[in-house]
Number of protein chains: 2
Amino acid sequence: MRNTIQRQLVLDAVRELKDHPTADEVYQHIASTNPSVSRATVYRNLKQLSESGEIKLRRISGSAERYDHIQTNHYHARCIKCGAICDLELPYLDHLEESVRDNSGFKLFGHDLTFYGLCKECAAKAEEKTEGKKQ
Amino acid sequence: MRNTIQRQLVLDAVRELKDHPTADEVYQHIASTNPSVSRATVYRNLKQLSESGEIKLRRISGSAERYDHIQTNHYHARCIKCGAICDLELPYLDHLEESVRDNSGFKLFGHDLTFYGLCKECAAKAEEKTEGKKQ
DNA sequence: GTTGATGCAAATGGTTTGCATAAGG
DNA sequence: CCTTATGCAAACCATTTGCATCAAC
């Protein structure tokens with residue numbers, strides 16, 4: 001793996017953006033200062049960096065793939081209305097795989113768990129609407 | 001919701017295919033006997049049928065969306081090599097949302113949980129390879 | 001007859017790939 | 001120098017949408 005400026009830009013962007021950005025968010029961030037960097041390069045580097053373990057790929061159901069500078073396992077919630085993604089505080093279910101009764105012969109390595117619901121803002125708006133109808 | 005032949009074809013296909021098919025698999029199945037039915041109609045009907053509760057939308061991380069004639073909650077495993085999807089026997093974690101310490105203000109409705117690993121066949125192939133290298 | 005559903009094609013969003021060129025080791 | 005990485009455009013996959021037409025009710 002070669003040490004290119006593009007790779008460094010990608011790594012820095014993921015770290016700066018913090019909030020598990022999508023590939024496109026990473027690209028936009030980089031493009032704002034380095035417009036010559038191509039989208040394909042961003043995608044390729046995100047994939048490589050996550051495979052080498054420098055960043056973490058997060059598969060969040062209902063959303064594009066995301067990349068996280070944080071390595072520790074934790075879960076996320078997705079707002080079904082605005083798409084916001086939020087870290088949750090829930091102990092990681094470390095040994096969930098072991099409790100699967102495996103009639104299928106699958107060799108399990110891990111799991112992806114995503115909660116869904118309404119974020120604070122969208123829940124508030126929904127509340128407003130309901131109130132409006134009552135009156 | 002109107003009772004069209006296309007809607008019935010979609011519903012029948014999901015029931016016949018059983019193994020939580022993707023929209024495209026449903027389309028291919030229908031197209032083999034009714035080539036005039038359009039992809040868009042299949043997508044629209046899958047969405048409507050899942051919203052009305054006649055079939056169940058399954059979001060499986062790393063895979064296209066799938067539709068299931070089975071309504072009961074259960075989890076799935078995805079093979080990281082061949083993409084196979086398999087039902088798992090694991091009690092549904094009914095009240096998982098309640099154990100989330102909600103500092104984010106999210107109003108949680110449910111969760112999507114997908115396991116990943118190697119299916120029986122792919123695990124066997126991987127085993128073969130390793131054995132080959134040893135000798 | 002109204003209205004909702006269909007078929008088509010085009011548009012979208014997210015991601016990957018082929019290929020010639022450029023740059024890291 | 002050799003080989004990997006880049007930039008570009010095009011391809012790809014999954015899904016949605018605009019619109020004129022058609023078929024349920």
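Below, chain A is the first sequence line, B the second, and so on; all start at residue 1. Everything quoted here is computed from the prediction, not taken from an experiment.
A:Arg7 places a side-chain heavy atom less than 4.5 Å from the side chain of A:Leu49. Residues B:Asp87 and B:His20 have side chains in contact (heavy-atom distance under 4.5 Å, counting atoms from C-beta outward). Taking 4.5 Å as the limit, some side-chain heavy atom of A:Met1 sits within range of a side-chain heavy atom of A:Glu54.
With respect to B:Arg66 and B:Asp19, no salt bridge is recorded, no charged nitrogen being found less than 4.0 Å from a carboxylate O. Ion pairing between a basic and an acidic side chain is recognised when a charged N comes within 4.0 Å of a carboxylate O; B:Arg59 and B:Glu65 show such pairing.
Rounded to whole Å, atom P of C:dC8 lies 13 Å from atom CG of B:Asn34. Counting to the nearest Å, the P atom of C:dT6 and the OH atom of B:Tyr43 are 16 Å from each other. The distance from atom CG of A:Asp24 to atom P of C:dG13 is 10 Å, rounded to the nearest whole Å. Between the C1' atom of C:dT6 and the NZ atom of B:Lys47 lies a distance of 17 Å, rounded to the nearest Å. If you take CG of B:Asn45 and P of D:dT16, they are 13 Å apart, rounded to a whole angstrom. Atom CD of A:Gln48 is separated from atom P of C:dG24 by 15 Å (rounded to the nearest Å). Protein atom CD of B:Gln8 is 15 Å distant from nucleotide atom P of C:dA5, rounded to whole Å. Whole-Å rounding puts the B:Leu49 CG to C:dA5 C1' distance at 13 Å.
A continuous path of Ile, Leu, Val, Met, Phe, Trp and Tyr side chains, each step under 4.5 Å between heavy atoms, connects A:Leu88 with A:Leu113, placing both in one hydrophobic cluster.
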Heavy-atom protein contacts under 4.0 Å, nucleotides 18-25 of chain D, coded B base, S sugar-phosphate only, - none:
B----BBS
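Aromatic ring pairs are classed by plane angle as parallel below 30°, tilted from 30° to 60° and perpendicular above 60°; the pair A:Phe115 and B:His111 is tilted.
At least one donor-acceptor pair closer than 3.5 Å links the side chain of B:Arg78 to the backbone N or O of B:Ser61.
A heavy-atom distance below 4.0 Å to DNA chain D is reached by these residues of residues 50-66 of chain B, ordered by number: B:Ala64, B:Glu65.
Nucleic acid contact class of B:Thr22 (heavy atoms, under 4.0 Å, all strands): none.
Under a cut-off of 6.0 angstrom, the local environment of NZ in B:Lys125 is sparse, with at most 12 non-hydrogen atoms contributed by other residues, nucleotides or ligands.
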